[in-house]
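Since the structure comes first, as structure tokens, the remarks are kept for the end.
What you see below is based on every heavy atom in this structure, not just the backbone, and it leaves out hydrogens, waters and symmetry mates.
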Amino acid sequence: MDLYNPLILLPVLTLSVILYYILPKRWQQPFLLLFSLVLLYLLSPHGMVVLLLLAGINFGFGLLLKKTGNKTTLRTVVIIFNLAAFALPRLLALEISTALPAALDFLFPVGLAFITLQNIGYLLDVSRSIIPAETSFYRYLLYLLFFPKLNAGPIEPARRFLPQMSTPKKYDPYTIQRGILQICMGLFKKVVVADRLAFIVDAVFDQPGTYYGLTVITAIAFYSFQIYFDFSGYTDIALGIARMFGYDLSPNFKKPFLAENINEFWNRWHITFTGWLREYIFFPLRRSLLRNRASSSQFLALFIPPLTTMLASGLWHGFQPTYLVWGLYHGLLLYGNTVYTKKNRSSSTRSPWISRILTFALVSFGFLFFRSASLADAGILLQSIFVKSTTYHDLLLNISSIDLMLSYAVIILIMGFETYLHDRQKSWNDLSFRVQWAVILILLLAISIVGVYQPINTEFIYAAF
């Protein structure tokens with residue numbers, strides 16, 4: 001069910017927002033929970049049972065952590081349980097076949113990977129007395145299943161979301177307006193940009209060895225932009241919808257392709273996931289290694305944490321070798337950049353744009369493995385780069401030249417706009433009201449035209465995780 005189709009999303013959202021603010025304040029949260037459960041049922045009816053069961057068990061764990069004195073043992077049990085609930089179905093899928101029988105689809109409910117991290121983060125925060133254990137099951141359930149972030153995040157910390165539930169939400173025209181603007185931007189990124197790029201990317205990656213040279217290089221670069229506009233588009237929609245209901249979700253992207261090194265890239269890309277990995281894996285592991293006074297501890301404290309953290313990132317995306325290679329690749333990049341930075345503390349005279357292009361190239365090379373169906377396919381694509389082909393002739397036999405030109409145009413347009421805001425240290429809210437609505441009208445026109453023209457329906461990439 002394509003619930004993010006503008007023809008479905010906008011009318012349903014409009015009606016639900018009207019009902020939400022008409023209802024008495026005490027019914028607002030029950031309404032949101034009911035709406036979230038209905039949406040979850042439509043997306044994954046059998047998986048809903050699994051998520052409710054996991055929510056109930058983790059809610060109980062939270063209450064136990066509040067009462068027990070030996071939190072270390074229970075904390076270990078909590079982590080093992082949640083990781084097992086997440087990992088065992090994926091191991092089963094690998095064991096059975098690449099295509100899991102439909103009867104076992106309930107083991108992969110919508111948003112399980114994101115909800116698992118939120119469960120673990122909440123319980124670790126309770127065990128460390130950062131937040132009190134939630135005593136209302138329906139509030140905890142709404143935190144986990146809040147429908148804007150259900151499908152693909154952001155990975156919202158409980159300590160940030162639960163306090164927002166304590167305040168009744170009042171109708172605010174300005175907040176509604178900001179939500180609408182953000183939703184329109186997200187729809188534009190998804191429908192006009194990401195789905196257009198998918199035509200070229202899918203043609204090359206799904207048929208390795210068919211295209212060569214410039215075409216393969218373009219597809220690799222286009223995939224970086226596709227996954228960025230697709231995922232940040234979803235995030236914009238999620239944040240915009242949440243804002244219309246009076247909730248402030250965490251931002252997930254901050255112009256990542258303007259990063260000047262790989263560490264800065266990960267500070268700007270999938271920010272809530274990166275923050276989770278830092279807080280619960282990277283820093284605890286690094287502190288543990290630094291406590292060891294052995295002569296090798298300094299090296300290990302630099303090398304092991306980024307490698308382990310990014311390997312965990314790869315495993316979170318999937319147990320396929322391509323994700324593991326992608327994670328290890330980024331772990332080595334992070335370690336290398338840290339060592340380079342330590343040895344070159346003086347300010348660099350290198351142009352920021354050279355650093356940005358180099359960082360983008362490194363990230364795009366990593367995405368070659370992330371997108372490929374197998375390591376063998378990635379190897380074929382790598383070989384294809386070095387086969388002489390300096391035109392798009394073969395690609396244009398199967399892909400419309402309009403799609404290719406439109407892809408370049410929208411990338412240049414949006415990246416130029418992001419660069420303008422970044423270099424002048426401005427945000428969207430710094431623009432005048434007239435400029436904002438002029439941009440939105442253009443976006444809506446583009447969504448209407450290109451959305452109708454679109455011949456296929458593509459889901460959000462990160463909904464698969």
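- The distance between the ring centers of Phe360 and Trp269 does not fall below 6.0 angstrom.
- Here the rule is salt bridge (Lys or Arg N to Asp or Glu O under 4.0 Å) with Lys189, and of Asp230, Asp236, Asp195 only Asp236 fits it.
- Under a 3.5 Å cut-off, the side chain of Trp316 and the backbone N or O of Ala113 do form a donor-acceptor pair.
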- Message: Using side chain to side chain donor-acceptor pair (under 3.5 Å), reason through Tyr392 and Ser401 one step at a time and then give a plain yes or no.
- Response: CA-CA 9 Å; Tyr392 295 119; Ser401 60; over 6 Å; no

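- A donor-acceptor contact shorter than 3.5 Å links the side chain of Asn252 to the backbone of Thr272.
- Side-chain atoms of Thr218 come within 3.5 Å of backbone atoms of Leu214 as a donor-acceptor pair (strictly under, hydrogens ignored).
- Residues satisfying the salt bridge (Lys or Arg N to Asp or Glu O under 4.0 Å) test with Asp125, not counting sequence neighbours, are Arg128, Arg159.
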I'd like a table of donor-acceptor pairs (distance under 3.5 Å, sequence neighbours excluded) in which one partner is a side-chain atom from residues 240-249, with atom names and distances.
from: Arg243; atom 1: NH1; to: Gln182; atom 2: OE1; distance (Å): 2.4
from: Asp248; atom 1: OD2; to: Arg160; atom 2: NH2; distance (Å): 3.0

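- Annotation: salt bridge (Lys or Arg N to Asp or Glu O under 4.0 Å) contacts of Arg178 (sequence neighbours excluded): none.
- A donor-acceptor contact shorter than 3.5 Å is absent between the side chain of Arg268 and the backbone of Pro256.
- Remark: Tyr171 pairs with no residue by the side chain to side chain donor-acceptor pair (under 3.5 Å) rule, at least two apart or across chains.
- You'll find the ring centres of Phe273 and Phe114 outside the 6.0 Å limit.
- Below 30°, between 30° and 60°, or above 60°: for Trp266 and His330 the angle between ring planes is above 60°, a perpendicular geometry.
- Aromatic rings from Phe282 and Trp276 are positioned such that their centres are separated by 6.0 Å or more.
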- Message: Applying ring pair (Phe, Tyr, Trp, His ring centres under 6.0 Å) to Phe367 and Phe370, what does each step give before you reach the verdict?
- Response: CA-CA 5 Å; Phe367 276 138; Phe370 190 92; 5.8 Å; yes

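- No option in Tyr323, Tyr335, Phe365 other than Phe365 meets the ring-ring contact (aromatic ring centres under 6.0 Å, His included) test with Tyr329.
- Note on ring orientation: taking the six-membered ring where Trp is involved, the planes of Tyr20 and Phe31 are tilted (angle from 30° to 60°).
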Pair up each side-chain donor or acceptor in residues 220-229 with any protein partner under 3.5 Å, not counting sequence neighbours, and list the distances.
from: Ser224; atom 1: OG; to: Ser364; atom 2: OG; distance (Å): 2.8
from: Tyr228; atom 1: OH; to: Glu418; atom 2: OE1; distance (Å): 3.3
from: Tyr228; atom 1: OH; to: Glu418; atom 2: OE2; distance (Å): 2.6

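- The number of heavy atoms from other shown groups lying within 6.0 Å of NZ (Lys255) is above 12.
- Heavy-atom contacts from other residues, nucleotides or ligands closer than 6.0 Å to OH of Tyr41 number 12 or fewer.
- Side-chain atoms of Glu134 come within 3.5 Å of backbone atoms of Ser136 as a donor-acceptor pair (strictly under, hydrogens ignored).
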Under 3.5 Å donor-acceptor pairs involving side-chain atoms of residues 22-29, not counting sequence neighbours:
from: Gln28; atom 1: OE1; to: Lys169; atom 2: N; distance (Å): 3.1
from: Gln28; atom 1: NE2; to: Lys169; atom 2: O; distance (Å): 2.9
from: Gln29; atom 1: OE1; to: Tyr138; atom 2: OH; distance (Å): 3.0
from: Gln29; atom 1: NE2; to: Met165; atom 2: O; distance (Å): 2.4

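- With Thr210 contributing its side chain and Gln207 its backbone, the two residues share a donor-acceptor pair below 3.5 Å.
- A side-chain donor-acceptor contact under 3.5 Å links Tyr143 to the backbone of Glu156.
- Checking side-chain atoms of His317 against main-chain N and O of Ser313 turns up a donor-acceptor pair under 3.5 Å.
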